[in-house]
Amino acid sequence: MTLPTMGAAFLWVLVFVYSILGAIDFGSSFWRWVFHLRGNWNAESVAATYVSPTWELINAFLIVIPVALVGLFPAAAYAFGTVLALPATLLLILLALRGAYLQFGYASARFRKHMVYVTGITGLLLPGVFIALLPLTQGGFVTRVGSSYAFAAGAFFSSLPVYLFMAFGITLALYLSALFLARYAQQAGSWSAYHRFRRGALWMGPISLALGAVALRVPTPGGLAIVAGGLHSVWFVIFLVASLACFALGYLGLVMQERGHPVTKQRALWQLGFGIAQIVLSQFAYAVGHVPWLLYPYLTFANSASNHVMFVSTLLVLIVGLVILTPALLWFRSLFIVDAEYVATHAQEGRHSH
Amino acid sequence: MTEAVMARALFGITLGYHITYATLGVGIPFLIFLAEVMTSRTKDESYRVFARRLTRVAILLVGVGIVTGTTVAVMLSVLWPKFMEVVGQIINLPFELEVFAFIIESLFLAIYVYGGDRLKPRARIVSSFFVTLGAGLSALLVTDVNAFMNTPTGMTWVHGTVENPNPWLAMLNPSMPYELSHVLASAYMAVAFVFAAAAAKGLLRRNLTPAERTYHRKNLTLTMAVGGVTAVITAFVGDASGKMMATYQPEKLAAAEGLFHTTTYAPLVIGGIVEPAKQMIVGGIPIPGMLSWLATTQLSGKVLGLDAFPSWTWPALAPVHLMFDTMVGIGTFAIGLAFVYFVLRWRKHAWLFARWFLWVIYAMGFLGMLAIEDGWVFAEEARQPWIIYNLMTVDQAVTTTPGIGWMFGGFMALFTVLLIATVVTLRTYFRNHPLDGELAPSPKATGLAKGGVAL
């Protein structure tokens, strides 16, 4: 493996860790909004407990991605910086409203309802906006003009594959977060909420799978054909088959449950595990189809890499930093998220307050 | 308005907005830490109440600061893609390390907040210390990139590309020690005066209970002490960075002081309008030899004037000089105010309780933040037309994408919403949690650690 490829692999790890954390975070606030509107306080309070203490750290993870891109592939940072002006503005405004309203909502009862609405709506839209970056990197919407780049915003926003990707991203986030919240509800022993989330997952799972399959098959004009390119590699096939197998197993587990009955901790955990494994594996497959392009057909890992010194120091600093701080983050998680007692008591409080 | 001017305006306003939150986010944890130390030393619970009320402000401002900081981080790449391409080849390490400093800050803030009253005093001191450390480091690391922009080192610049890069040397550029300590000390100073102003405003209210009055008095003394000491440090560091500028960025110093001709025994001109056409400052108060002394520690020292540089590299002279003098003026006033406060306190003078004196302290809270904003605008404006001094101009760095106007409109709307909501949130919170309730603890008032708190 060459150095630029290692850098790209590292960047990819960051992207998919964020995509999973983000999907859970965004999806949860959407579910919270939905159950708030429906007046299902059990399910709402389970979702609310998760949404609160984590967004700042997930956001820190998000920041690492552009920072790593700048240090590892400055030429790509230049290209994306140039073409993303408009999409990034949209993304930032959604993210900013979301983050700020989480703060306002927790600091003052006056903003609590606004918070549920703002985070719910942004939580629904953001996975769609984020995933739209994938078809953008697949090419067809960016042209090189001299030493600079131009973004065909009109073509991009009127392209069918782009909207298929968006719908795929949104439903996938809802599927994963429903699995996550189901496990959360299981820990709190809140069975009506558990089955609400289970039902959400039952719907969203197949829909997201179908949308994903279509989104990858519909070609973008002048773009990279992920599936056709990927099929040349045996790894692509292995990852894809494994991903489908994980989906099948997880989904089968979800289907074969009786409504309204308690489930074991192991079962809730396995469901979630299969869901995450499915996504990780399909992301691997996608990556295999996308290699070696950062921005098709202009930028590869090799031709956009930073100078050797900077590349190595960036990799070292980020990897060492993450290795040192990850235990701290996990410990933080164990303090506030996995702590069943915390979950239970907070779910209780939520119920009383309504 | 050209795209470049529009991009500068958008980025300037975004940073100006972020700097308010960031400065408070750096200074408040330090005050919390001090309040915790005071609680432990004096066994006086009123400092604990102060820490608790500050914590509430910190949680909100740090949270919104993350939002504005994220905006700045992405906007850098979007508005100045050419600049970030260079950053990626030489000075990206501070940005990477900053993320980790931030993680440390928010982890310990979480421990401090969620632990709340259940933590032992020592644990509260330690965790608030690490919040202070993480917040301070974040600010310093980001500022380090700015120091590089002022005095780029650690590479050879060959026709617009970076060669022989040494990223660690680039981090340790000549401006680094001065600019970083100036930023940190001035943040502590400004935030201390903000809360001195809050205490003064508290004392100005009618019908105070004796407990409330002592609470505000103690806080006023604590914050005035912090503000006074850090204001003196800020001034010393500012003086040192003046000398650094004379060596590494003489053009910036000449612009700040409106010095057109290279001179020995150069005077320091306070105020006045710099007139480039006449090549002089009209209406200022000159102090003979003072600029030479500040720049070189000798009255006879030679200070380079603007004539040593081509005029297309001069910044806008009149505003730069006035901004510089405003910054120094507010800093000097802050030192004077703290000095007067402690003299009055020592002599037990009646003015200490005079309403006009409290109003002056109240005004100082706003002036301190104004000085921070003004200092940053000066630092950026006086480097124009360069984004990286002597290597890359702002016009070369700006994006080629049209439509900055749309972004401008969108972000102005966003910032307006955030600003209004921040103010309303803080007001509502403190109205619902009055001070006398917290000073005489009831189960409801000590509820910070138990319910409704989130990051």
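Order of the sequence lines sets the chain letters (A, B, ...), proteins ahead of strands, with each chain counted from 1.
- Only the side chain of B:Thr428 comes within less than 4.5 Å of a heavy atom of chain A; its backbone N, CA, C and O stay farther away.
- Ring planes of B:Tyr429 and B:His433: parallel class, angle under 30° (limits at 30 and 60°).
- Contact annotation for A:Tyr101: only side-chain heavy atoms (C-beta onward) come within less than 4.5 Å of a heavy atom of chain B.
- For chain A, no part of B:Leu79 is nearby; none of its heavy atoms comes within less than 4.5 Å.
- Heavy atoms closer than 4.5 Å to chain A are found in both the backbone and the side chain of B:Thr71.
- With a threshold of 4.5 angstrom between heavy atoms, A:Leu90 does not approach chain B through any atom at all.
- Interface remark: B:Thr68 contributes no atoms to any contact with chain A (heavy atom separation under 4.5 Å).
- For B:Trp168, the part lying under 4.5 angstrom from a heavy atom of chain A is the side chain only.
- With a 4.5 Å cut-off on non-hydrogen atoms, B:Leu76 does not touch chain A at all.
- Contact annotation for B:Phe95: both backbone and side-chain heavy atoms come within less than 4.5 Å of a heavy atom of chain A.
- In terms of heavy-atom pairs under 4.5 Å with chain A, the best-connected choice from B:Ile90, B:Val162, B:Ile404 is B:Ile90.
- Checked against the 6.0 Å centroid threshold, B:Tyr112 and B:Phe108 do not count as a close aromatic pair.
- Residue A:Ala150 does not touch chain B at all, counting heavy-atom pairs closer than 4.5 Å.
- A perpendicular orientation is assigned to the rings of A:Phe26 and A:Tyr18, their planes being inclined by more than 60° (bins at 30° and 60°).
- In this structure, the portions of B:Val64 lying under 4.5 Å from any heavy atom of chain A include both its backbone and its side chain.
- Residue A:Phe104 touches chain B through both its backbone and its side chain, counting heavy-atom pairs closer than 4.5 Å.
- Heavy-atom pairs under 4.5 Å with chain A peak, among B:Leu61, B:Thr399, B:Thr422, at B:Thr422.
- Using a 4.5 Å cut-off between heavy atoms, B:Leu60 touches chain A through backbone and side chain atoms alike.
- At least one side-chain heavy atom of B:Phe415 sits under 4.5 Å from a side-chain heavy atom of B:Thr14.
- Around CZ of B:Arg427, the count of heavy atoms belonging to other residues, nucleotides or ligands within 6.0 Å does not exceed 12.
- In this structure, the portion of A:Ser148 lying under 4.5 Å from any heavy atom of chain B is its side chain and not its backbone.
- With a 4.5 Å cut-off on non-hydrogen atoms, A:Ile93 touches chain B through its backbone and its side chain both.
- When heavy atoms are compared at a cutoff of 4.5 Å, B:Ala73 approaches chain A solely by way of its side chain, counted from C-beta outward.
- Ranked by heavy-atom pairs under 4.5 Å with chain A, the list B:Ala413, B:Gly410, B:Pro165 is led by B:Pro165.
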